[in-house]
Amino acid sequence: MASNIRTNNYLRHVESMKLMPSGAGHISHLNAVVLGDSLATEEDDFVLPSEEFASQANIQSPEQYLKMYKRSIEDPAGFWSEIAEEFYWKQKWGHKVCDENFDVRKGNIKIEWFKGGITNICYNCLDRNVEAGLGDKVAIYWEGNEPGLDDTLTYTQLLQQVCQLANYLKDNGVKKGDAVIIYLPMLMELPIAMLACARIGAVHSVVFAGFSAEALAQRIIDCKPKVVITCNAVKRGPKVLHLKDIVDVAIKDSAKNGVPIDKCLVYENSWATKREDTKWEDGRDVWWQDVVPQYPTSCPVEWVDAEDPLFLLYTSGSTGKPKGVLHTTGGYMVYTATTFKYAFDYKQSDIYWCTADCGWITGHSYVTYGPMLNGASVIVYEGAPNYPDAGRCWDIVDKYKVTIFYTAPTLVRSLMRDGDGFVTRYSRKSLRVLGSVGEPINPSAWRWFYNVIGDSRCPISDTWWQTETGGFMITPLPGAWPQKPGSATFPFFGVQPVIVDENGVEIEGECSGYLCVKKSWPGAFRTLFGDHERYETTYFKPFAGYYFSGDGCSRDKDGYHWLTGRVDDVINVSGHRIGTAEVESALVSHPKCAEAAVVGVEHAVKGQGIYAFVTVVDGVPYSEELRKDLILIVRKQIGAFAAPDKIHWAPGLPKTRSGKIMRRILRKIASRQLDELGDTSTLADPNVVNQLIELADS
Ligand code: WTA
């Protein structure tokens with residue numbers, strides 16, 4: 001139990017949250033622990049910031065938050081333009097800070113922020129910081145897969161390397177608005193490549209280097225890049241992955257589909273394989289090290305409109321085709337920088353490590369742009385978090401004196417399983433703020449993260465957001481919030497989350513429903529590349545007048561938000577979004593597979609696992625070999641991370657009379673909740689359910 005003075009203070013603070021539009025603030029009882037005081041136990045509903053932490057924080061109390069939050073909602077133009085002024089604009093935006101139509105009933109969805117403002121995000125990340133005297137500050141601490149292998153780049157050096165690559169790209173015909181595909185692991189060259197594209201106004205599309213050749217080809221075909229940037233290979237843990245081979249297959253495939261690639265820039269990652277061992281196509285393939293260093297270390301900036309595209313990032317949806325989420329420049333810049341600063345309570349002295357790969361949105365917003373816009377020192381780690389053993393993360397934390405550590409619940413759970421010993425043998429004294437992203441963090445993992453990793457000293461920012469939102473939407477502010485283990489707490493400035501029922505009616509107070517957002521925020525995505533209609537249909541039509549997140553959420557009596565996972569056909573495996581339709585279409589492309597239905601099941605480490613019901617073609621026997629083949633085909637078409645955990649042979653699938661698969665029943669069978677199957681009478685053939693149950697463990 002916390003000291004009473006502190007607790008009562010907070011009670012008063014939290015009471016003031018009644019003013020929140022969500023109706024927060026009636027705290028009837030308060031079992032709490034204060035940061036640094038003692039372990040958080042199951043009896044504790046709250047974890048309170050210590051006086052010491054709060055007094056140095058950027059936002060020090062719920063009241064301070066509330067004042068800023070209210071302003072951000074009542075006067076978004078004033079609130080955001082004041083923040084935007086801190087960046088460099090070649091020319092200021094026009095008279096409208098935000099111009100939006102968020103309601104499909106009133107016409108096409110449109111979101112614009114700072115339109116008419118001319119700027120460049122690379123300039124704001126690098127040149128501006130160098131000019132402000134941060135030139136000698138380390139921008140990137142790079143840590144290789146193998147312990148002992150590392151490198152650093154100061155802001156000045158990073159700027160020079162970015163300029164060299166930008167000059168190379170320009171010289172090879174890449175112009176403003178052209179797409180560039182980046183298929184790289186976590187080398188320093190990955191953020192370098194992103195920033196180089198941004199510098200010349202090119203639109204980068206980073207493809208996570210765990211995606212297969214087919215998935216890469218699909219993305220190349222969609223965005224038709226001028227150049228593909230990759231490396232020969234990478235070592236991740238004990239394994240060597242030959243990325244260039246994958247790119248070769250993808251480029252061949254895309255050429256067959258009418259999208260030839262003339263230039264493939266290959267970084268030689270000699271720690272993984274040698275140049276001589278890399279397959280090569282003269283004329284098309286060029287070694288990065290042979291050409292890029294020859295270019296000048298300065299490169300003029302291409303000034304772009306705030307609404308010019310910055311990047312495309314493909315993400316899974318509920319149909320087979322990945323969606324090209326498009327983010328623009330100005331609003332994204334202001335939003336990622338601001339969310340980073342407040343949600344992690346960032347200070348210039350911090351050393352920041354986000355374990356995400358730049359192949360996902362987290363790596364875009366919170367490895368590259370958000371931190372660098374703040375002039376932060378960022379760790380870029382190439383390897384696997386448990387290599388050579390489960391203590392590697394804390395080894396890295398101690399080596400660089402990391403102060404802010406941002407990761408995913410799946411890693412927390414997997415390290416928790418490996419035992420406290422791997423953690424406690426390291427000091428971790430430098431840590432002051434922890435962060436979580438990608439999926440709901442279960443309270444027991446939260447407590448372990450807090451008690452063991454953070455020694456009960458560090459607040460946890462459980463940040464809820466999405467590829468589409470560009471930056472944090474619901475997140476604790478570490479010095480302000482009393483936290484509840486497992487809750488993402490309250491909205492960030494300018495964000496108005498609402499929970500609606502199935503009819504799209506907002507529900508107040510304590511409730512559960514669909515999580516939507518009212519009104520735009522600067523970091524919102526502007527469209528799906530080449531398919532504005534799908535953008536409107538997926539996100540704005542389900543509940544007219546709102547952006548629909550695809551997530552379920554409940555709000556408790558104190559106004560805290562608890563994310564409950566996807567409510568659409570998307571599975572979240574280790575924080576990676578995977579569309580069930582994508583996995584199904586890979587499975588049915590196997591000639592022996594007649595039909596497939598994929599659902600998510602609870603998984604102790606990954607959060608959700610992939611569970612596939614498969615009907616084979618008539619006359620084909622089930623076999624272990626076929627099972628392996630089916631898993632392989634998913635690995636090949638999407639990537640290893642999407643491989644099903646379980647194949648369940650299904651002589652038939654439960655369908656309604658109109659032929660719709662009843663996934664609700666499949667989910668219950670997959671999780672063996674057999675007494676909760678519900679009404680099966682509407683099935684065309686109720687008997688298939690019994691057959692499936694019989695075959696469950698075969
Ligand atoms: C889930 C990752 C609960 C959610 C930034 C969302 C979360 C999807 C959280 C987006 C969180 C992300 N708590 N759920 N803190 N963060 N999610 O696009 O289901 O890869 O819709 O963006 O991850 O995944 P995405």
Side-chain angles (χ1 to χ4, degrees), residues 206-208 210-211 311-318 322-327 332 335-336 339-340 343-344 354-367 369-370 406-413 434-443 445-446 449 460-476 483-492 495 497 514-517 523-525 528 538-539 542 547-555 560-580 582 600 606-608 641-642:
V206 183
V207 177
F208 171 58
F211 273 109
F311 66 85
L312 267 180
L313 185 59
Y314 288 88
T315 187
S316 291
S318 45
K323 302 180 283 198
V325 168
L326 186 120
H327 282 282
Y332 177 85
Y335 198 68
T336 52
T339 45
F340 174 79
F344 293 135
C354 165
T355 63
D357 191 291
C358 286
W360 309 106
I361 190 68
T362 307
H364 281 62
S365 302
Y366 301 108
V367 174
Y369 293 113
Y406 185 36
T407 194
T410 185
L411 180 65
V412 174
R413 287 191 297 264
L434 303 174
S436 171
V437 62
E439 49 172 320
I441 179 162
N442 43 312
W446 194 102
F449 199 20
I460 298 178
S461 285
D462 173 10
T463 60
W464 175 79
W465 61 295
Q466 309 177 291
T467 305
E468 292 86 344
T469 69
F472 304 151
M473 298 294 279
I474 301 182
T475 176
Q483 302 196 329
K484 293 195 186 192
S487 165
T489 72
F490 294 99
F492 192 72
V495 176
Y514 302 98
L515 181 59
C516 291
V517 186
F525 68 140
L528 291 179
T538 313
Y539 301 101
Y547 163 75
F548 173 45
S549 66
D551 278 337
C553 182
S554 54
R555 199 191 293 123
Y560 282 66
H561 292 84
W562 300 78
L563 277 300
T564 53
R566 302 289 306 193
V567 293
D568 55 6
D569 294 329
V570 171
I571 308 180
N572 192 327
V573 181
S574 301
H576 299 158
R577 266 165 78 166
I578 298 167
T580 52
E582 282 173 75
K606 297 198 254 182
Q608 280 191 299
F641 64 91

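All of these numbers come straight from a predicted model, not from anything done at the bench. In each ligand, atom 1 is the first atom listed, and ligand 1 is the first ligand listed. What you see below is based on every heavy atom in this structure, not just the backbone, and it leaves out hydrogens, waters and symmetry mates.
- Ring-plane geometry between W360 and H576 is classed as parallel, the angle between the planes falling under 30 degrees on a 0 to 90 degree scale with a further cut at 60.
- Between W465 and the options F492, Y366, F525, a ring-ring contact (aromatic ring centres under 6.0 Å, His included) holds for only Y366.
- In this structure, F449 and L434 have side chains that are in contact, with non-hydrogen atoms separated by less than 4.5 Å.
- Note on ring orientation: taking the six-membered ring where Trp is involved, the planes of F344 and Y406 are perpendicular (angle over 60°, cut-offs 30° and 60°).
- Scanning both residues, R413 and N442, for their nearest heavy atoms gives NH1-OD1, 3.1 Å.
- Protein residues with a heavy atom closer than 4.0 Å to ligand 1 are I361, T362, V437, G438, E439, P440, D462, T463, W464, W465, Q466, T467, D551, L563, R566, N572, R577, listed by chain and number.
- For D569, the side chain to side chain contact (heavy atoms under 4.5 Å, CB included) partners two or more places apart in sequence, or in a different chain, are S318, T580, R663, R667.
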